[in-house]
Amino acid sequence: MRWLPFFLIFACLGRVKALADYPVQPIPFPQVQLTAGLWAARQATNRLVTLPFALEQLETSGRMKNFDLAAEVLRRRAGGETNFQIRPPTEFPFDDSDVFKAIEGASYCLTLQADPALAERLEVMIRRIAAAQEPDGYLYTWRTMHPDQPAHEWIGRERWVKDPELSHELYNLGHLFEAGVAHYQATGSRLLLDVCLKAAELLWRDFGDGEPRIAPGHQVIEMGLAKLYRVTNDKRWLTLARFFLECRGQGGRPYSQDHEPVVRQTRAVGHAVRANYLYSGMADVAALGGEAAYWQAVTRIWDDVVGTKLHLTGGCGARASGEAYGDAYELPHRCYNETCAAVAFLFWSHRMFLMTGEARYMDAFERTLYNGALSGVSLSGNRFFYPNPLESDGTYSRSPWFGCACCPPNILRLIASLGGYFYAVREDQLFVNLYGASRVKTELGGTTVTLEQDTDYPWHGTVRLRVHPERPVMFTLRLRIPGWVRGQPLPSDLYRYDDPTPAAWQVRLNGRLQALPVEQGYVGLRREWHPGEEVVLELPMPVRRVAGHPNIAATRGQVALERGPIVYAFEGLDNDGRVFDIVLPQTARIEPRFRADLLGGVTVLEIRDAQRAVRTADGQRATVPASLVAIPYATWANRGLSPMTVWVARDASVARPAPRPTPATRARLTASFARSGMSLEPIRDQLYPSDYPDGRAPQFDFWPRKGTLEWLQYEFPSPTRVQSVVVAWFDDTGTGECRLPASWRILYRDAEGQWQPVRSLDEYGLRKAEAVRVRFEPVTTEALRLEVQLRAGFSAGLYEWEVE
Ligand SMILES: [Zn+2]
């Protein structure tokens, strides 16, 4: 039996004394088989494609080689070459952590499916890691390789001192500990666990007396130490986890949540992955150490995120700058939402559930899982997103790997261990949190109970649960009734359904309808269970129209679509190439349809009697009828480049129609300079900040050029008579380096090919974001140029340059 080794390890290793821990205990993933449907398929791809792909990347990117080089330096220095050192060949001092995270994911895969070749490969990797560990337990290849001077500006002259900034020494160790515990539980081998313990002993020697007070710059060591404590029962590791939490708040930066003592923090701030790892670590220490103040703090902060900072997809960390949580309601469509932040939000929310037994935490978990986290990996399993925006102009695609490769192995370890989030136990209560075809085996009331879940969820809401106790046994089966069934997208007022009427969900026991109250988000069936008894849960899945809270600027006048736990998106590929002009009135008819042939088998939404906004010849707006298709958000960007949006207009006034034909739209557009990835197209889309509910219109800018003379140019297919231009300037004072330029003017190309200034009839005005019209004496020309003198020390940009 696949789950047996895990049981054995737990039994032997034992919780010699029962530790204080979460009141609700998850049923570990080795005891849960995902048997069919979406998650079985994604888990197979994860194991068969993502895992070998990630392991290969660790070699080709040089991350594994770092360990070999560090070992070589140790060897040669020990042999007398006291000046020998090697400059690290990779990019970041945290590259070690990707290796550890991938080993953790690989270990989970190994637990699910015996694979001697993989087990052997991991052992070889672990021996290479162990060889890079310094004799006193220090493991950080970037220093060991190059010990005489720091090989990176992030690294301090001495160990640990720059960890509060960016050295990531403790971050790497946190991931090492998680990997060591996973490998031990998967194989019973202490090979990596012993490396962990040697490093942990060093931490105890260096920090065990409460000095120096180093606040880890990138959290995860707290979660790692908690796992080490659980598996060894050695209280020192919990003491260290608490110590690293209590070091925070000595005047550090909000970026790393070091601005206030953790128990006084009330809002999610700063780097979102750091933040969510911190809150997970606080929850662990609260559960294991009985720290009520930590618990109160993370409860407040979770409510802050779910009340004001979570995108509809369950993604978080909206701001690209600092990869950070934004202010309350700062939820732009073109957001950052790192895959790792979503994965870390799952870790955190699951812990909140384990502490309380409240379904609201798993409601949020489910939203993030199916949408903002799952979007991070392609259907093929070997292409990844780092940011997960809710709107894209069609230039953003998934990557095979990243220079900073935190996200792919995070997805790997999440999907491999996903079964561990389905079920949980508290005394004689069995919680069913996630729905999906699966089989679980656990102990309840001294009896082994197998539960089989048969369903096509998330595409269909019928869930059939068959209970097989070894002998009749009394327990409570608690089934989560998701928020979306009850008419509430999240346990907050951040989003609401246009029609919040609860769907008519039903529970049948052995065919008989049950009248059951919902308590903390669950219905409970308490009885003596006999083999073969069956519960059928019906979760109707009407298509829901969603509105954002009025304080979310980006969603004003807009609507998004959901069905069951799935958030939908419109991709250009299914919609004649265009999505921003979509108008979805209340009268549109929406039909779900399962498409086995599409995107690995998904339910799409087919929409009739929708509209598109168009511009009439006189520049006014009108609508034309349209039929549309929406796909699950998580599956976008699997079929090539295409624009995408989650939110669409409720009426034409907030839609973004295609530009009407003008000399500008027909011209060849070039610039004196455009940085990589900077599109010129926004300047002729005829859209201004006033066309966006949050004012965030896309722009073109010349950054990082500053103080220079630059130009943009339209070349017309044939001589064209022109007599005015409209320009709107971009200025990002407060967040960037673009300002209104020093001056600008319009030139035309004469018959001899020389650039001549037009004779302007208006001033070359300079106003932020507003359209400025400049008329001039008409010229007939093949090309028009906008010349712009950037202000000294600043760059400049434009939202629009229209030509009439
Ligand atoms: Zn990441």
Side-chain angles (χ1 to χ4, degrees), residues 46 50-51 53-55 57-58 61 63 90-106 154 166 168 170-172 174-176 178-179 216-221 223-224 255-257 268 270-281 305 309-311 313-326 335-349 368-369 371-378 381-390 396-418 634 637:
N46 194 53
T50 310
L51 170 62
F53 184 77
L55 294 181
Q57 290 290 334
L58 297 179
S61 68
R63 281 167 172 76
T90 63
E91 201 178 348
F92 296 111
F94 51 67
D95 288 336
D96 295 356
S97 69
D98 300 332
V99 173
F100 303 146
K101 236 178 332 183
I103 291 178
E104 184 188 345
W154 293 354
L166 288 165
H168 291 85
L170 295 167
Y171 172 74
N172 287 356
H175 280 307
L176 172 72
E178 297 203 292
H218 194 316
Q219 299 87 334
V220 85
I221 185 83
M223 275 194 279
Y255 171 73
S256 51
Q257 300 78 38
H271 188 272
V273 183
R274 284 170 165 80
N276 293 349
Y277 284 172
L278 168 67
Y279 311 142
S280 302
V305 171
K309 293 172 185 164
L310 202 65
H311 271 92
T313 54
C316 56
R319 257 188 216 168
S321 169
E323 305 183 315
Y325 276 108
C335 53
Y336 195 67
N337 288 15
E338 183 180 344
T339 300
C340 286
V343 171
F345 181 73
L346 297 179
F347 295 158
W348 178 26
S349 296
T368 300
L369 175 65
N371 303 292
L374 187 58
S375 59
V377 59
S378 67
N382 57 6
R383 293 291 182 276
F384 306 91
F385 274 152
Y386 198 113
N388 294 269
L390 279 74
Y396 181 51
S397 62
R398 299 168 187 276
S399 301
W401 197 252
F402 305 98
C404 169
C406 48
C407 299
N410 237 340
I411 280 285
L412 167 67
R413 63 180 183 149
L414 170 75
I415 294 181
S417 59
L418 191 68

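Hydrogens, waters and symmetry mates play no part in the numbers below; they use all other heavy atoms, side chains included. Whatever order the structure lists ligands and atoms in, that order sets their numbers, starting from 1.
Ring geometry for Tyr171 versus His175: interplanar angle over 60°, hence perpendicular rather than tilted (30 to 60°).
Partners of Ala342 according to the side-chain contact (heavy atoms from CB on, under 4.5 Å) rule, which considers only residues two or more places apart in sequence or in another chain, are Thr368, Ala373. Residues meeting the salt bridge (Lys or Arg N to Asp or Glu O under 4.0 Å) test with Arg63, sequence neighbours left out: Asp95, Asp98. Partners of Ala416 under the side-chain contact (heavy atoms from CB on, under 4.5 Å) rule, at least two apart in sequence or in another chain, are Asn46, Tyr108, Cys109.
At a threshold of 4.5 Å between non-hydrogen side-chain atoms, the residues Pro408 and Phe402 count as touching. Considering only heavy atoms from C-beta on, Thr50 comes within 4.5 Å of Phe384 through its side chain.
Take a cut-off of 2.8 Å around the Zn ion (ligand 1): the protein N, O or S atoms inside it are Glu338 OE2, Cys340 SG, Cys406 SG, Cys407 SG.
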